[in-house]
Amino acid sequence: MRAFRLGRDLAVRHAVQPGGDLTPVLESLGLEVVPWRFRGRLREVIFEGAIGIEESLPENWQRWLTAHAIGHHALHTGTSFYLASWQWVNRVKAERQAEEFAAGLLLPPQAMNGVGEARLAARCGVPREKARWALEKFGSAGDQER
């Protein structure tokens with residue numbers, strides 16, 4: 001839950017509203033988003049201050065992946081490049097943390113209070129499956145301290 005709280009703290013510090021602009025967060029961290037046409041399974045990458053996002057994805061997915069990449073930048077600087085198959089455990093943990101960070105940054109607890117996944121996704125500009133996951137993980141009442 002630490003990653004969620006760090007994302008939430010950053011959202012509060014930069015007054016990120018549900019569905020709002022992430023530019024102030026990106027600028028404060030010295031990051032920029034670069035639309036890119038990836039081949040294969042890659043959809044986002046962060047390297048030397050640039051977040052490459054697959055340009056053909058819907059806006060809600062680009063938003064989520066941007067927040068996910070910000071999470072990697074904030075939590076895993078210098079430790080996110082995996083070359084050996086034995087490193088899968090670290091990669092799984094890092095991906096989970098980046099997802100929790102993205103939820104904290106994009107889904108304020110009050111937005112999760114008593115709403116369904118479709119409404120939460122639409123209000124916060126995130127993919128419906130991510131809204132469903134956040135509601136399951138953090139609770140429909142927005143209780144992140146569980």
Side-chain angles (χ1 to χ4, degrees), residues 1-38 41-82 87-146:
M1 297 297 186
R2 176 181 162 267
F4 181 91
R5 284 192 294 275
L6 288 172
R8 180 85 312 257
D9 290 347
L10 197 58
V12 169
R13 188 173 328 125
H14 294 285
V16 176
Q17 298 299 312
D21 189 9
L22 294 177
T23 301
V25 174
L26 291 162
E27 289 176 350
S28 76
L29 297 171
L31 300 172
E32 68 175 310
V33 175
V34 178
W36 198 261
R37 177 60 88 183
F38 290 106
R41 296 179 5 193
L42 197 60
R43 297 185 305 164
E44 56 86 16
V45 66
I46 183 167
F47 185 74
E48 299 214 359
I51 299 172
I53 299 291
E54 171 55 52
E55 65 187 6
S56 68
L57 291 172
E59 187 176 328
N60 62 351
W61 271 105
Q62 290 186 27
R63 182 176 167 72
W64 184 269
L65 291 172
T66 297
H68 177 98
I70 293 169
H72 279 302
H73 176 78
L75 299 166
H76 310 127
T77 300
T79 62
S80 296
F81 195 72
Y82 302 99
Q87 293 175 307
W88 69 270
V89 173
N90 289 335
R91 184 174 60 239
V92 169
K93 181 179 179 184
E95 290 303 313
R96 177 186 50 78
Q97 290 172 335
E99 287 291 280
E100 290 177 359
F101 182 95
L105 183 60
L106 299 176
L107 301 167
Q110 65 273 21
M112 288 192 270
N113 208 359
V115 299
E117 66 187 57
R119 187 168 179 190
L120 179 62
R123 180 168 186 225
C124 294
V126 301
R128 189 169 175 167
E129 50 267 53
K130 296 302 182 180
R132 179 184 323 116
W133 168 80
L135 287 170
E136 290 171 1
K137 178 144 182 89
F138 302 112
S140 61
D143 179 12
Q144 278 66 31
E145 298 303 318
R146 293 196 301 169

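- With sequence neighbours excluded, no residue forms a side-chain hydrogen bond (donor to acceptor under 3.5 Å, both in side chains) with D9.
- Taking 4.5 Å as the limit, every side-chain heavy atom of Q62 sits out of range of all side-chain heavy atoms of P35.
- In this structure, R5 CZ and F101 CZ are separated by 13.0 Å, a value rounded to the nearest 0.5 Å.
- The distance from the CG atom of L135 to the CZ atom of R119 is 12.5 Å, given to the nearest 0.5 Å.
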side-chain contact (heavy atoms from CB on, under 4.5 Å) between V115 and R123, worked out | CA-CA 10 Å; V115 299; R123 180 168 186 225; over 6 Å; no
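- A distance of 9.5 Å separates CD1 in I53 from CG in L42, rounded to the nearest 0.5 Å.
- For the residue pair L29 and H73, the shortest heavy atom distance occurs at O-NE2, 3.8 Å.
- Of the possible polar contacts, one joining the R63 side chain to the C124 backbone as a donor-acceptor pair under 3.5 Å is found.
- Between D21 atom CG and H14 atom NE2 the span is 12.0 Å, to the nearest 0.5 Å.
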Check step by step if salt bridge (Lys or Arg N to Asp or Glu O under 4.0 Å) holds for R96 and E100.
-> CA-CA 6 Å; R96 177 186 50 78; E100 290 177 359; 3.5 Å; yes
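- Smallest separation of non-hydrogen atoms from W64 and P127: CB-CD, 3.8 Å.
- The closest side-chain heavy-atom distance from R128 to N60 is not below 4.5 Å.
- Contact annotation: the side chain of E129 approaches that of W61 to within less than 4.5 Å [non-hydrogen atoms, C-beta and beyond].
- Under the 3.5 Å distance criterion, the side-chain polar atoms of E117 are left unmatched by any main-chain donor or acceptor of A131.
- Just one residue in the list V25, L106, V33, I46 forms a side-chain contact (heavy atoms from CB on, under 4.5 Å) with T66, and that residue is V33.
- Residue M112 holds its CE atom at 11.5 Å from NZ of K137, rounded to the nearest 0.5 Å.
- W133 and F138 have perpendicular rings, their planes meeting at more than 60° on a 0 to 90° scale where under 30° would count as parallel.
- Under the 3.5 Å distance criterion, with hydrogens and angles disregarded, no donor-acceptor pair is assigned to the side chains of H72 and Q97.
- Side-chain contact between E54 and R37 is present, with heavy atoms from C-beta onward closer than 4.5 Å.
- A salt bridge links E99 and K130; the closest N-O separation between the charged side-chain nitrogens and carboxylate oxygens is under 4.0 Å.
- In this structure, CD1 in I51 is found 5.0 Å from CD1 in I70, a value given to the nearest 0.5 Å.
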